[in-house]
Amino acid sequence: MIEVIGLTRRFRRSVAIDDLSFTVAPGKITGFLGPNGAGKTTTMRIILGLDRPTSGRATVNGVPYRTLDKPLTQVGALLDASAVQGGRRAEQHLQWLARANGISQTRIGWLLELVGLNKAGRKRVGGFSLGMKQRLGLAAALLGDPEILLLDEPLNGLDPEGIRWMRGLLKSLAAEGRTVLVSSHLMHEMAVTADHLIVIGQGRLLADTEITQFVRPGMSLEDTFMKVIEGSAS
Amino acid sequence: MNAVAAEWIKLRTLRSTWWALGAGVLTALALTALGASTVISRWDLGQTGEHASMGIIVAVYVGVVLAQLPLGMLGTLTISSEYTSGMIHTTFVATPSRTRVLLAKASVLGGIAIAVSLLIAIPGYLYGQAVASGFDPTPLPAAAWTVVGGGTLMIVMTTLLGLAFGAIFRNGVVAISMLVVLLVLVPFVGRMLPGGEVVNRILPGYPALQLIEQVPDTMPDAAAFAVLGTWAVAPLLIAVLANKRVT
């Protein structure tokens, strides 16, 4: 479970997040939607303790992320898949991460296979395509078998087969009772993947509802999303 | 300990680490051999065994100190390259305590600096002993420990200073420039300015050179060790405080 309570993040001149509150429940895929600059990434960074809120708080399993011992065993995160050092082999990247949280190295081979990188495990990450880096990032997120997953635009760079594969994997992870928060701007994809939606615009909460209740009759998710965003701007 | 082990894996799985260490060790070894041979060739026959041994150890630790810049750069890159690639966020997601990450990096780098000093000092020492065997050098005179301690502390200090600058400036070019300015440029300029000698005494270079007997003594050895130790620890503490602020 992820809880965001009255979260506000001001930068020097602008307000990135404005009194945002929501809860992400286990057992389903929650889509985190909003236009560019809406504050999705900032919210995720604050949940992970990478940024401090101006006011309010965010907790995972009831406590702030920074107080977790061996956080990877509770929360898996994929923020920016290309933020890896290119000189390392894929398996070496997972090795240091596993070691940092006392996670068994035996999971690495299995995970590389799960994300379809078993042949590329000994290759250097610098030569990876964005899609391959997303797969590696997902393996890193799953390293500690966490109950909670935070994935920021995990579909970027994936080919159609990869998108389908990711959708199936996320659904099975949610079906196992995990909390899955996925940000994306691909509306068609979210329409067939997400069970629940949290929509934000200009840092404020615009909708927090089951996807079936969000989509207006006779309209696509994309059309509804555009209407909601336009409605909030005016 | 998990964080220390993870940092060690990170460091050893980058080829640039081995290039930096290899270049540092090989250059230093070559210069040590050259230096020792030159020094020994100038001795007259009346040289005592103890003096001979000291001469060898001093030459060896001049070599160790010459390897400090590649190690300081390695210290910087260990953290600045993570900021550049953005991987630092993954590091902080795995180990949320910034202080723990920095101290883990410092432990690994400190260990590597000591290992490098021994990789240069031991072969250099054995080579010097072999070349000077005619003078019957004693194995390790008591005065040698000041040289060993001073040279080792200097290379550890530079490595940790590089790390601290990398953590403070978060930019490899800026941090390495600062390191070179502090270790090379400021002492050089300082010597030419009035009052420069006083300033030089509290910079890291002069105390180290005094301990390895390359410059006249201007302070007690204990004070020289204290200045060097402060340069090893204080910038790292500033980096820890600077990293309390996030992102």
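Residue numbers start from 1 in every chain, and the chains themselves are labelled A, B, ... in the order their sequence lines are given, proteins ahead of strands.
Contact of Ser82(A) with chain B is made through the backbone alone, with heavy-atom distances under 4.5 Å. In this structure, the portion of Arg124(A) lying under 4.5 Å from any heavy atom of chain B is its side chain and not its backbone. Proximity to chain B (any heavy atom under 4.5 Å) is shown, for Asn101(A), by both the backbone and the side chain. If you measure heavy-atom distances from Glu82(B) to chain A, the contacts under 4.5 Å come from both the backbone and the side chain. Neither the backbone nor the side chain of Leu79(A) has a heavy atom closer than 4.5 Å to any heavy atom of chain B. At a 4.5 Å heavy-atom cutoff, the contact between Thr91(B) and chain A is made by backbone and side-chain atoms alike.
Options Thr95(B), Thr13(B), Ile88(B) differ in how many heavy-atom pairs under 4.5 Å they form with chain A, and the most are formed by Thr13(B). Chain A forms the most heavy-atom pairs under 4.5 Å with one residue out of Thr90(B), Val4(B), Leu14(B), and that residue is Leu14(B). Among the candidates Gly87(A), Ala98(A), Ala100(A), the residue making the largest number of heavy-atom pairs closer than 4.5 Å to chain B is Ala100(A). Contact tally against chain A (heavy-atom pairs below 4.5 Å) for Gly86(B), Ser16(B), Ser85(B), Ser81(B): the top residue is Ser85(B). Interface summary for chain A: among Ala94(B), Ala3(B), Ser97(B), the most heavy-atom pairs under 4.5 angstrom belong to Ala94(B).
The closest donor-acceptor contact from the side chain of Arg88(A) to the backbone of Lys10(B) lies under 3.5 Å. Listed for the Lys105(B) side chain is a donor-acceptor partner under 3.5 Å among the backbone atoms of Thr78(B). Side-chain N or O atoms of Trp231(B) include none that pairs as donor or acceptor with a backbone N or O of Met157(B) at under 3.5 Å. Using modelled atom types, no side-chain atom of Ser183(A) and backbone atom of Phe32(A) make a donor-acceptor pair closer than 3.5 Å. Put simply, the side chain of Tyr65(A) gets close to the backbone of Val93(B): a donor and an acceptor are under 3.5 Å apart. Under the 3.5 Å distance criterion, the side-chain polar atoms of Ser14(A) are left unmatched by any main-chain donor or acceptor of Phe11(A).
Side-chain atoms of Leu155(A) and Met166(A), non-hydrogen and from C-beta on, do get closer than 4.5 Å to each other. Looking at heavy atoms from C-beta onward, Thr159(B) lies out of side-chain contact with Ile112(B) at the 4.5 angstrom threshold.
The side chain to side chain donor-acceptor pair (under 3.5 Å) with Arg9(A) is formed by just one residue from the set Thr43(A), Thr42(A), Asp51(A), Asp18(A); it is Asp51(A).
Taking CD1 from Ile47(A) and OG1 from Thr59(A), the interatomic distance works out to 9.0 Å, rounded to the nearest 0.5 Å.
For a heavy-atom cut-off of 4.5 Å, chain A lies close to no residue in residues 174-186 of chain B.
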